[in-house]
J.: 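Have a look at this one.
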Amino acid sequence: MTGGVGRASAPGKVNLALWSGSRDDRGYHPLTTVFEAVGLREYVEVREITGTSSRLKTLVYRLPSDGGQPRLDSVSTRDFAPLDQPSNLAWRAVELLAPGASAEITVHKVLPVAGGMAGGSADAAAALAAANDCFQIGLSRPQLCEAGATLGSDVPACVVGGVSLGLGRGDQMQQLHQGTSAPGRQSRWWCLVFAEEGLSTPTVFAEFDRQWSENEAARSQEETQGKVPTIRAARPRAHTTPGVNLSGQVRATLMRPGTQIAPALHNDLAAAALTLRPELLAVGEACKAAGSLTWMVSGSGPTIAALCQTPTRAQEVAQAVSRLPGVRATTVTWGPGVGARLEERLPEWCAPPN
Ligand code: C5P
C-alpha cells in the first residue's frame with residue numbers, strides 16, 4: 001500500500017504466432033494468437049488528487065540503438081500531447097477502476113505508437129495495476145485481466161505476461177508459460193526495429209480483408225473451373241481454427257525455450273502490413289543478412305522482430321539496420337518477461353512530469 005499513489009509497469013509484446021479468420025458481424029476477426037511479453041516495459045504512475053479533475057501526461061522516450069538508457073524525446077512528447085485525453089486507454093483504465101475519482105496519471109512510454117507491440121494496451125495494463133494500488137481497490141490479477149479485456153483485445157496479455165494464448169478476438173487469455181523478471185538461460189533475444197511511421201490496426205485488418213476477398217474470389221473461380229479438388233477446402237489450416245483453438249503441435253513448439261520456437265513463428269497479418277509498408281521487407285531481409293535466425297512482423301506491424309541466438313548478435317543486427325530507410329529506431333530486448341506489476345519506484349531514466 002502506498003497511500004494515494006500507485007506505480008506499475010507492464011510489458012509490450014510480440015506475437016509469436018497469429019492466425020486470423022474473416023471479419024465477423026461486430027467488425028472483429030476471430031484470432032488464435034500467441035503473445036510473448038518482452039523485457040521492454042511501459043511505466044505508469046497514478047496519483048490521487050483533489051479539487052480538480054483527472055489529467056494525463058505521456059512522456060515519450062527514444063531508445064538508443066547502442067543499448068543505452070531511454071532518453072526523453074521532447075518532440076515526440078509534444079506530438080503525443082493531443083492524445084492525452086479521457087479516451088486514452090490509460091485514462092480509461094483508471095476511470096474503469098475508480099469511477100469519478102480524480103488522478104494525475106503519468107505514462108512513461110518507450111514502446112512505439114501504433115507499432116504492433118501493444119504499447120497502448122501496456123499503458124492500460126500498468127494503469128490498471130497502478131490505480132488498483134493507488135485507490136486500494138484490491139482486485140486480483142484475473143479480475144484485472146477481465147477488466148482489461150473491456151478496454152482492448154491485447155490488454156489481458158499485458159496483464160498476465162509470459163507466453164499466452166489468445167482466442168476469441170485475441171482477448172480470451174490462457175497463460176502457456178510464465179515470464180521472468182530478468183533475462184536468463186531460457187530467454188530468447190529479439191532485435192526490434194521500429195518504423196518511422198506507425199500503422200493503425202484497423203487499417204491493417206482492412207487490407208487483410210481486401211486480400212482475403214481477392215483470394216476467395218480467385219479460389220471460387222478455380223473451383224468453378226474444376227482446378228481445385230474440393231478436399232482442399234475441407235482441410236483445416238494446420239489444425240488451427242482462428243479464434244477457437246491452436247494445433248497441439250504448434251503449441252508444443254511455441255512452449256520450447258530460446259530460439260527453438262523458430263519453426264512455429266507465423267503471422268497472417270504480415271502480408272497486409274508489408275503491402276502497406278513495402279520498404280520493411282528489405283529491413284527484414286537485412287536483419288537476416290546481419291545474422292538473425294529469422295524475422296517477422298509483430299502483430300499488425302509495422303515493428304519487425306528479428307529472433308537472434310545471442311544478445312550480442314541481436315545488438316549487431318540492431319546496429320546494422322538502424323539507418324535503413326523507414327527505420328526510426330532499433331533496440332534489443334528479450335522474452336518472455338513478466339506481466340503488469342507494481343513498482344516501488346520508477347527507473348532513473350524516467351523524467352519528472354513537467
Ligand atoms: O480490441 P481493440 O480495440 O484493441 O481493436 C482495435 C481494432 O482492431 C478494432 O476496432 C478492429 O478494427 C481491429 N481488430 C479486429 N479483430 C480483432 C482485434 C482487433 O478486427 N480480433
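This chain uses plain numbering: 1 for the first residue, then up along the sequence. Remember, it's 1-based here, ligands and their atoms both numbered in the order they're listed.
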J.: Using a strict cut-off of less than 4.0 Å between a Lys/Arg side-chain nitrogen and an Asp/Glu carboxylate oxygen, indicate whether Lys57 and Glu104 qualify as a salt bridge.
T.: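 Glu104 and Lys57: not salt-bridged.
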J.: If you measure from CG on Leu199 to CG on Leu276, what distance do you get to the nearest 0.5 Å?
T.: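 These two atoms lie 5.5 Å from each other.
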J.: As an exercise, identify every atom of ligand 1 less than 4.0 angstrom from a heavy atom of Thr201.
T.: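 Here the atoms of ligand 1 in question are 8 (O).
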J.: Heavy-atom contact check, 4.0 Å cutoff: does Gly27 meet ligand 1?
T.: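 Yes; Gly27 lies near enough to ligand 1 that a heavy-atom distance drops under 4.0 Å.
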J.: Closest non-hydrogen protein atom to atom 7 (C) of ligand 1, residue and atom name please, with distance?
T.: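 For atom 7 (C) of ligand 1, the nearest protein heavy atom comes out as Pro202 CG, 3.9 Å.
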J.: Side-chain contact test, heavy atoms from C-beta onward, threshold under 4.5 Å: evaluate it for Leu18 versus Leu31 and give yes or no.
T.: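 In short, these two side chains touch, coming nearer than 4.5 Å.
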J.: Could you check whether any side-chain heavy atom of Phe208 comes within less than 4.5 Å of a side-chain heavy atom of Asp268, counting everything from C-beta outward?
T.: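 Yes; the side chains approach each other to less than 4.5 Å.
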J.: What is the closest protein heavy atom to atom 18 (C) of ligand 1, and at what distance does it sit?
T.: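 Here the nearest protein heavy atom works out to Tyr28 CD2, 3.5 Å.
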J.: Please indicate whether Gln178 has more than 12 foreign heavy atoms, meaning atoms of other residues, nucleotides or ligands, lying under 6.0 Å from its CD.
T.: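 No, the 6.0 Å shell around CD holds no more than 12 heavy atoms from other groups.
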J.: Going from CG on Leu144 to CG on Asn132, what distance comes out if it is rounded to the nearest 0.5 angstrom?
T.: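 Rounded to the nearest 0.5 Å, the CG-CG separation comes to 5.0 Å.
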J.: Taking Ser187 for its side chain and Gly258 for its backbone only, find out whether a donor-acceptor pair lies under 3.5 Å.
T.: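 Absent.
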J.: Please state which protein non-hydrogen atom is closest to atom 1 (O) of ligand 1 and give its distance, to 0.1 Å?
T.: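 Nearest protein contact, heavy atoms only, for atom 1 (O) of ligand 1 is Ser153 OG, 2.5 Å.
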J.: What are the atoms of ligand 1, with element, lying closer than 4.0 Å to any heavy atom of Leu31?
T.: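 Selected atoms, number and element: 21 (N).
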J.: Around atom 20 (O) of ligand 1, find the nearest protein heavy atom and jot down its residue, atom name and distance.
T.: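 For this ligand atom, the closest protein heavy atom is His29 ND1, 2.7 Å.
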J.: Can you tell me which residue and heavy atom of the protein come closest to atom 13 (C) of ligand 1, and the distance to 0.1 Å?
T.: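 Result for atom 13 (C) of ligand 1: Phe205 CD1, 3.6 Å.
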J.: Suppose I only count heavy atoms of Arg169 and a 4.0 Å limit; which atoms of ligand 1 are within that range?
T.: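 Counting from 1, the qualifying ligand atoms are 1 (O), 17 (C), 18 (C), 21 (N).
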